[in-house]
Peer 1: 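Have a look at this one before I ask anything.
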Amino acid sequence: MGERKLQSDRYRNFDIARALAILFMIMVHCLENFSTTGVMDQSIYGLVTEFFGSFTSATVFMFVLGMGIHFTKDQRPERFIRRGLMLLGAGYLLNILRGFLPMMVTWQITGDSEWAPYMVMELFWIDILQFAGLAFVFFGVMKRLDAGVRGYAISLVIFQVINYFLLTYAPYFNDTMNYHDPGYYLSAVTGWFWGSGEFSSFPFLTWIFYPVMGYLFGKYFLSKEPEKRNRIFLSGLGISAIVGGATYGICWYFQIDFGWDTDASFYHHWLPGNLIFGSCAFALIALISLCYKGIPKAVEKVMVRWSKNVTVIYFIQWILIGWIAVVTDYNTMGVGQTICITIFVLILSDAMAYGWKKYQILRYISKRKYTK
C-alpha cells in the first residue's frame, strides 16, 4: 500500500488524499460490519459513507500506490517483488487475526456451529493487501523488463481484454458456505487474478488499472516544472468530468452495469468502471491538490501521520473491528452508535500505529548502537 510518505511539501497533497481515503475506509468498514441494513441503505450517513468509502477510497489508495513507486529510494526489481510477497502473506495473516480467530471465539461462546463456514471463508478472503502484494510484484517484473510508458500501456490493454473475457465466460463460484466443494478452493486462487467468485474483493485484472494510471501520472507530473503542476490538476478536473461523465452516460443509455448495481459487480468491474471510478478518484485528488494549503497545520500534521502509517492503520483497524464484533455482534447498530464506534476505531488505530512506529524507531536506534 505504499507506506513511504511523500516527504516534500510539494507532495503533501497526496498524503492528504490518502489520509482522507483512510478516514472513509474506516467509516465504511465500521458501517458495513456494525450498522443495520436500514442505516446502510436508507440513511444519508450510510449512502455518503458507502460512496466515498467504497467507490472512491480504494481507487485513491491504489492511484497513490502507483505514484509512490517513483518516490521509493530502492528501485531494484527484487525489492518490489520481495515487498509484494510480504504484503501477500500479510493479507492472509490479517484474515486469521480479524476474521477466523474472532469467529472461532464467538463459536465457542455461543456454541453455534453455523459460524464454521464463515470461519473457513475468512481464511481465503482476497482483500486489498493481497492485491497490493500482486501489484508490487507486477511493478518489480516491469522494472526487471525495463518497461517504459509503452510497456505499461500495452499491459493495461492486454489486462482489460483478458479481464473482460474471463468475467464474461469463465465459471463463477458464489457458494462461499460450501467448503466441501473443490471449486471453493480453486476460486480462492483464481480470485487473485479475476473476479472468479465471492472470495475476491480486489482481483488483480480489475484493480491494477489504478496503480498503473497513478504510476504513469506520476511520471508525467514529475517531468513538469513545479510552477506548472497546478495546471495539471485544473486540466485533470475537466478531463475527469468529461471521461467519467461520458462513460456514465454511455453505460446508462445502453444499460451497462459498470460496477454500481451490486457489491460483486463493483469489486469485479472492468473498463467502464475503471474509467468512472478512476475519474472520481483523480477528481478528488485534484481538488485536494488545489485546496490543501487551506487546511490547518494541526489537522495536516495528523493527516500526514495517517498517510505515513497507512498499512499499519489498515491492519489494526480490521483487527479491532473483528474483535469488537465478538462483543457487539454484526450489523446491530443505528447511526449514532455506528459513528461512535467509528471514532473509537479511528482514534485507537491511529494511536496504536503511532506507538508501533515509535517502537520500531527505538528498536532500530538501539540495534545500531549495539552493532557499533
Side-chain angles (χ1 to χ4, degrees), residues 1 17-64 98-99 125-129 131 174 176 195 198-203 206-207 209-210 240-241 244-245 247-248 251-252 256-270 272-285 287-288 306 310 313-314 317-318 320-322 324-325 328-346 349:
M1 295 171 71
R18 187 159 55 183
L20 283 176
I22 292 168
L23 173 63
F24 283 115
M25 172 193 72
I26 293 177
M27 287 173 65
V28 79
H29 288 166
C30 288
L31 177 80
E32 292 176 346
N33 283 273
F34 296 119
S35 66
T36 62
T37 303
V39 172
M40 283 189 277
D41 297 340
Q42 299 173 17
S43 71
I44 294 174
Y45 176 81
L47 294 172
V48 171
T49 299
E50 194 69 49
F51 176 80
F52 284 102
S54 294
F55 299 107
T56 304
S57 66
T59 51
V60 169
F61 272 130
M62 295 176 188
F63 191 91
V64 176
R98 74 169 178 181
W125 206 262
I126 299 164
D127 214 330
I128 200 168
L129 281 181
F131 167 78
N174 57 10
T176 54
E198 296 292 326
F199 287 122
S200 184
S201 290
F202 293 95
T206 287
W207 292 90
F209 176 88
Y210 306 107
S240 296
T247 307
Y248 179 83
C251 290
W252 174 81
I256 299 170
D257 179 11
F258 59 86
W260 185 265
D261 291 354
T262 65
D263 285 346
S265 68
F266 167 65
Y267 290 118
H268 306 158
H269 60 266
W270 62 293
N274 288 146
L275 295 176
I276 292 171
F277 301 136
S279 295
C280 290
F282 186 78
L284 179 62
I285 291 171
L287 284 172
I288 291 168
W306 291 355
V310 56
I313 289 176
Y314 178 85
Q317 58 95 30
W318 262 130
L320 290 174
I321 289 170
I324 290 171
T328 65
D329 204 358
Y330 292 94
N331 304 116
T332 59
M333 296 184 180
V335 174
Q337 292 172 307
T338 302
I339 293 173
C340 288
I341 203 74
T342 300
I343 294 171
F344 174 76
V345 170
L346 176 64
S349 298

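What you see is a predicted model, and the numbers here were worked out from it, not measured in a lab.
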Peer 1: Find out whether L320 and F344 are in side-chain contact, i.e. whether some heavy atom of one side chain is under 4.5 Å from a heavy atom of the other.
Peer 2: no
Peer 1: Out of curiosity, W207 CH2 to H269 NE2, how far, rounded to the nearest 0.5 Å?
Peer 2: 4.5 Å
Peer 1: Quick one, M62 and F277 - any side-chain contact, counting heavy atoms below 4.5 Å?
Peer 2: no
Peer 1: V335 versus I44: any side-chain heavy-atom pair under 4.5 Å?
Peer 2: no
Peer 1: Which value, rounded to the nearest 0.5 Å, describes the distance between T49 atom OG1 and F24 atom CZ?
Peer 2: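 Answer for the OG1-CZ pair, T49 versus F24, is 7.5 Å.
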Peer 1: With rounding to the nearest 0.5 angstrom, report the CG to OG distance, L31 to S54.
Peer 2: 8.5 Å
Peer 1: Side chains of F202 and L129: closer than 4.5 Å at any heavy-atom pair?
Peer 2: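 The answer is no, as the side chains (C-beta and beyond) never meet within the 4.5 Å cut-off.
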Peer 1: What's the spacing between T247 OG1 and W252 CH2 if we round to 0.5 Å?
Peer 2: 15.0 Å
Peer 1: Evaluate the criterion side-chain contact (heavy atoms from CB on, under 4.5 Å) for residue pair L20 and V60; output intermediate values, then yes/no.
Peer 2: CA-CA 9 Å; L20 283 176; V60 169; over 6 Å; no
Peer 1: Can you check whether P203's main-chain N or O pairs, donor with acceptor, with T206's side chain at less than 3.5 Å?
Peer 2: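 Pair absent, no side-chain N/O of T206 close to backbone of P203.
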Peer 1: Can you tell if the side chain of M25 reaches within under 4.5 Å of the side chain of F61, non-hydrogen atoms only?
Peer 2: yes
Peer 1: Give the minimum heavy-atom separation between E198 and T176, together with the two atoms involved.
Peer 2: CB-CG2, 3.2 Å
Peer 1: Sequence neighbours left out, what pairs pass side chain to side chain donor-acceptor pair (under 3.5 Å) with at least one residue falling in residues 20-42?
Peer 2: H29-Q317
Peer 1: Is a side-chain N or O of D257 found less than 3.5 angstrom from the main chain of W260, in a donor-acceptor match?
Peer 2: yes
Peer 1: To the nearest 0.5 Å, how far apart are OG1 in T56 and CD in E50?
Peer 2: 11.0 Å
Peer 1: Could you check if a side-chain atom of F34 sits within less than 4.5 angstrom of a side-chain atom of T328, using non-hydrogen atoms only?
Peer 2: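 In contact.
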Peer 1: So, does S349 use its side chain to make a donor-acceptor pair with the main chain of L346 at under 3.5 Å?
Peer 2: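 Here the side-chain-to-backbone pair does not exist.
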Peer 1: Closest approach of I285 and F63, non-hydrogen atoms and distance?
Peer 2: CD1-CD2, 3.5 Å
Peer 1: Looking only at heavy atoms, what is the nearest atom pair of G244 and S279, with distance?
Peer 2: N-OG, 3.4 Å
Peer 1: Looking only at non-hydrogen atoms, find the nearest pair between S240 and F282 and report the distance.
Peer 2: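 Nearest heavy atoms, S240 then F282: OG-CD2, 3.3 Å.
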Peer 1: When you look at OH of Y45, are more than 12 heavy atoms from neighbouring residues, nucleotides or ligands closer to it than 6.0 Å?
Peer 2: yes
Peer 1: Does I321 reach the side chain of C30, with side-chain heavy atoms less than 4.5 Å apart?
Peer 2: yes
Peer 1: Which is it for L275 and F209 under the side-chain contact (heavy atoms from CB on, under 4.5 Å) test, yes or no, and what are the steps along the way?
Peer 2: CA-CA 9 Å; L275 295 176; F209 176 88; 4.2 Å; yes
Peer 1: Have W318 and Y314 got a donor and an acceptor in their side chains that come within less than 3.5 Å?
Peer 2: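 Side-chain D/A pair, W318 to Y314: present.
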Peer 1: If you round to the nearest 0.5 Å, how far is CD of Q337 from OG1 of T342?
Peer 2: 11.5 Å
